[in-house]
Amino acid sequence: MGAGVATGGQVVTRFAPSPTGFLHIGGARTALFNWLFARAQGGKFLLRIEDTDRARSTQPAIDAILDGMRWLGLDWDDEAVFQFARADRHAEVADTLLANGHAYKCFATAEELESMRAEQKANKQPMRYDGRWRDRSPDEAPAGAPFVVRLRAPREGAVTIEDRVQGAVTVQNAELDDMVLLRSDGTPTYMLAVVVDDHDMGVTHVIRGDDHLNNAFRQLALIRAMDAVEGGWPDPVYAHVPLIHGADGAKLSKRHGALGVEAYRDEMGILPEALNNYLLRLGWGHGDAEIISREQATEWFTLDGIGRSPSRFDTKKLENLNGHYIREADDTRLATLVLPAVIAQAGREIGPDGAELLRRAMPFLKPRAKDLRDLADASAFLFRTRPLDMDERAASLLDSAGIDLLAAVERAIAGVDDWSATALEAAVRAVAETAGLGLGKVAQPLRAALTGRTTSPGIFDVLALLGREESLGRLADRLAATN
RNA sequence: GGCCCCAUCGUCUAGCGGUCUAGGACGUCGCCCUUUCACGGCGAAAACACGGGUUCGAUUCCCGUUGGGGUCACCA
């Protein structure tokens, strides 16, 4: 009865990943929603690492998660809490429950439970613990026998959660069995740990994946038991967010494109603001808004905007958003991000002059890229060493007619004093005109000779970027190659 | 299988009883711009899963069917 929904006071949310893998896309969205809600409400956003599974928790996974969150700009308040370190406190709560009759010792062995489930399955009964030790005295167990501590959950009635996303959800208590709180080795289970930690951390709003909706009822039973014995354990507000599925509608799993966020960063060349924007729109909406800045999101975000149905991950839309943010991004930043890949492609060091050239080229390169890999690829021509290798299509542009045109262009621009895009354009246009050809006929062989490819930024910008010496050198290489 | 949740264009969504001949975005397809590729502009095709109710009136409310998802550990 005393367990009212937490109201008033400061909003506290948390993100609680278990470090058994990297920060995947679903976790990132959960973290984002928690972060946004806390910031929008002027509350706190906490981070808790659920490392109670000692066998599967790893330091590299912890680092990857923290790294991913920093990359996404999801900063957390206070120190991150490590769940395993709090095992004593968890056990303390279990003992309190035990002392007050809200929990009991269960001496059933693993084999015993296994056969119980097998029998239930054979009889098409729901598989759940039958409460065989619920009302038995511990004295009936063999001396020194191992036991687990189970919650003595209510069996009558039903519990309704007013979920902020899913609405009112009711489950009969008869559907729930008595969950294990403490394992036979005395360590706390996840169910116990989350509840105790959320309480101790003052978490008011639990925003998490839909897959935890059923757990919420068990956890609530535990919360209400503690509230009954010592008070001060209010029900948290729950918001269970539908999961993200793969493009085919199947659950996103490791083999199903559930990549860590670092893969989006390192392998796909996604900008964090693009991923944030995409993730925000996946399952949350605000009218027709599509391009939403972090600031705007913080202002707009509400739990009511979260949709109730699962959504599919759409790489195309992410790429589109990414292209948008690349176009908006600062040139120096982009040049810095792309530099390592450009160096790798060039196969040589690129000094300060090269870095500066890369930066100056960005305005012409970035409208054409949907990710950082594209951007790096498109930048590569700037740093190729002479004589340039021609790809197949570029080579075919430089047939004898192309070479003749190239020679004419070379003669025309060699005399240009002002090596600017406008001046060069005038010179090249004149060549096309005299030849009675469209500019395209002249520009393509020129592009091939200058870049080794058939696509590039505007050819006059390329000329200007490369500079007189390099440009004429590249043309000379081509002309010489055919003589 | 039991229990729980969900259901608008291919995808993400707007819609919260009449304003819906259902809006936007991505993608797709045309056209324009144009030195290539992009960007940008214009336009097109494309959806309320089905069946019952409730109501003067349902995309919107209720029930069922179908479909999808989640969950049933001494894992988190």
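Chain letters run A, B, ... following the sequence lines, proteins first, then strands; residues in each count from 1. Only this structure's heavy atoms are used, side chains among them; waters, hydrogens and symmetry mates stay out.
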### Message
From CH2 of A:W284 over to P of B:G15, roughly how many Å is that when rounded to an integer?
### Response
11 Å
### Summary
Picking from B:A76, B:U35, B:U71, the nucleotide nearest the side-chain atoms of A:A443 would be B:U35
### Summary
Which of A:I270, A:N277, A:N276 passes side-chain contact (heavy atoms from CB on, under 4.5 Å) with A:Y325? It is A:N277
### Query
Reckon A:S184 touches a base, only the sugar-phosphate, or nothing at all at heavy-atom distances under 4.0 Å?
base
### Query
Whom does B:C20 pair with, Watson-Crick or G-U wobble, provided both distances fall under 3.5 Å?
none
### Query
In the strands shown, is B:U65 matched to any nucleotide by a Watson-Crick or G-U wobble pair with both distances under 3.5 Å, and which?
B:A49
### Task
Using a 4.0 Å heavy-atom cut-off across all strands, classify A:I459 as base, sugar-phosphate, or nothing.
base
### Summary
Here the distance between atom P of B:C26 and atom NZ of A:K370, to the nearest Å, is 16 Å
#### Entry: Enclosure of A:Q59 CD (heavy-atom neighbours >12, cutoff 6.0 Å)
yes
### Task
Mind checking A:S18 for me? I need base, sugar-phosphate or nothing, with any heavy atom below 4.0 Å counting as a touch.
sugar-phosphate
### Query
Is any side-chain N or O of A:R208 closer than 4.0 Å to OP1 or OP2 of B:G70?
no
#### Entry: Residue matched to B:C29 through Watson-Crick or wobble contacts both under 3.5 angstrom
B:G43
### Query
Reckon A:G307 touches a base, only the sugar-phosphate, or nothing at all at heavy-atom distances under 4.0 Å?
nothing
### Task
Would you tell me if any nitrogen or oxygen in the side chain of A:R429 comes within less than 4.0 Å of OP1 or OP2 on B:U35?
yes
### Query
Looking at B:A73, B:C5, B:A76, which one has an atom nearest to any side-chain atom of A:Q166?
B:C5
### Message
On the nucleotide B:G2, are OP1 or OP2 found under 4.0 Å from the side-chain N or O atoms that A:R128 carries?
### Response
no
### Query
So, does the side chain of A:R327 form a donor-acceptor pair with the base of B:C39 at under 3.5 Å?
no
### Task
For B:A46 and B:U28, measure between their C1' atoms and round to the nearest Å.
10 Å
### Query
So what does A:R308 hit on the nucleic acid, given a heavy-atom distance under 4.0 Å: a base, only sugar-phosphate, or nothing?
sugar-phosphate
### Message
Tell me whether the side-chain N/O atoms of A:T52 come closer than 4.0 Å to OP1 or OP2 in B:A76.
### Response
yes
### Task
Give one of base, sugar-phosphate or nothing for A:V169, where a contact means two heavy atoms less than 4.0 Å apart.
sugar-phosphate
## Note on the structure
From CG of A:D314 across to C1' of B:G27 the rounded distance in Å is 7 Å
### Query
When you measure from the side chain of A:P367, which nucleotide among B:U36, B:A76, B:A38 comes out closest?
B:A38
### Task
State the pairing partner of B:A58; accept Watson-Crick or G-U wobble contacts with both distances under 3.5 Å, and report none otherwise.
none
### Message
Counting the atoms with a prime plus P, OP1 and OP2 as sugar-phosphate, which does A:M179 contact under 4.0 Å by heavy atoms, base, sugar-phosphate, or nothing?
### Response
nothing
### Query
Across the strands shown, which category fits A:A174 at heavy-atom distances under 4.0 angstrom: base, sugar-phosphate, nothing?
nothing
### Message
Within the 4.0 Å heavy-atom criterion, would you say A:F217 contacts the bases, only the backbone, or no part of the nucleic acid?
### Response
nothing
### Query
Which is true for A:P146 with a 4.0 Å heavy-atom rule: it touches a base, it touches only sugar-phosphate, or it touches nothing?
nothing
### Query
Between B:A76, B:A38, B:C12, which nucleotide gets closest to the side-chain atoms of A:S311?
B:C12
### Message
Using whole Å, what does the distance between atom P of nucleotide B:A73 and atom CZ of A:R56 come to?
### Response
15 Å
### Query
Could you state the CG-P distance from A:L113 to B:C74, rounded to the nearest angstrom?
6 Å
## Note on the structure
Looking only at B:G27, B:A76, B:G70, the nucleotide nearest the A:L243 side chain is B:G70
### Query
Is there a Watson-Crick or G-U wobble partner for B:U35 with both distances under 3.5 Å, and which nucleotide is it?
none
### Distance, rounded to the nearest Å, where A:R393 contributes CZ and B:U35 contributes P
19 Å
### Task
Could you check whether A:L282 gets within reach of a base, just the sugar-phosphate, or nothing at all, counting any heavy atom under 4.0 Å?
sugar-phosphate
#### Entry: Pair A:F33 + A:F301: ring centers closer than 6.0 Å
yes
### Query
Between the base of B:G23 and the side chain of A:D288, is there any donor-acceptor pair under 3.5 Å?
yes
### Task
Calculate the interatomic distance between A:E175 atom CD and B:C72 atom C1'; express it in whole Å.
10 Å
### Query
Within the structure shown, what part of the strands sits under 4.0 Å from A:E50 by heavy-atom distance: base, sugar-phosphate, or nothing?
sugar-phosphate
### Query
For A:R150, which contact category applies under a 4.0 Å heavy-atom criterion: base, sugar-phosphate, or nothing?
sugar-phosphate
### Query
A:R312 side chain N/O closer than 4.0 Å to the phosphate oxygens (OP1, OP2) of B:G68?
no
### Message
Taking pairing as Watson-Crick or G-U wobble with both contacts under 3.5 Å, can you name the mate of B:G2, or confirm there isn't one?
### Response
B:U71
### Query
In terms of the angle between their ring planes, are A:Y278 and A:F313 parallel, tilted or perpendicular, with boundaries placed at 30° and 60°?
perpendicular
### Candidates B:A76, B:A25, B:C4 - which lies nearest the side chain of A:E290
B:A25
### Message
Would A:R453 pass as a cation-pi partner of A:F381, given that its NZ or CZ must be under 6.0 Å from the six-membered ring centre and within 45 degrees of the axis?
### Response
no
### Task
Under 4.0 Å between any heavy atoms, over every strand shown, what does A:H286 touch: base, sugar-phosphate, or nothing? Just pick one.
nothing
## Note on the structure
When rounded to whole Å, the CE to P distance for the pair A:M127 and B:A73 reads 7 Å
### Message
Which nucleotide wins on minimum distance to the side chain of A:L439, given the candidates B:U35, B:C12, B:C6?
### Response
B:U35
### Query
Can you tell which of B:A76, B:C37, B:C74 lies closest to the side chain of A:Y190?
B:A76
### Short side-chain N/O contact to B:A25 OP1/OP2 from A:N320, under 4.0 Å
no
### Query
Nearest of B:G69, B:A76, B:A7 to any side-chain atom of A:S309?
B:A7
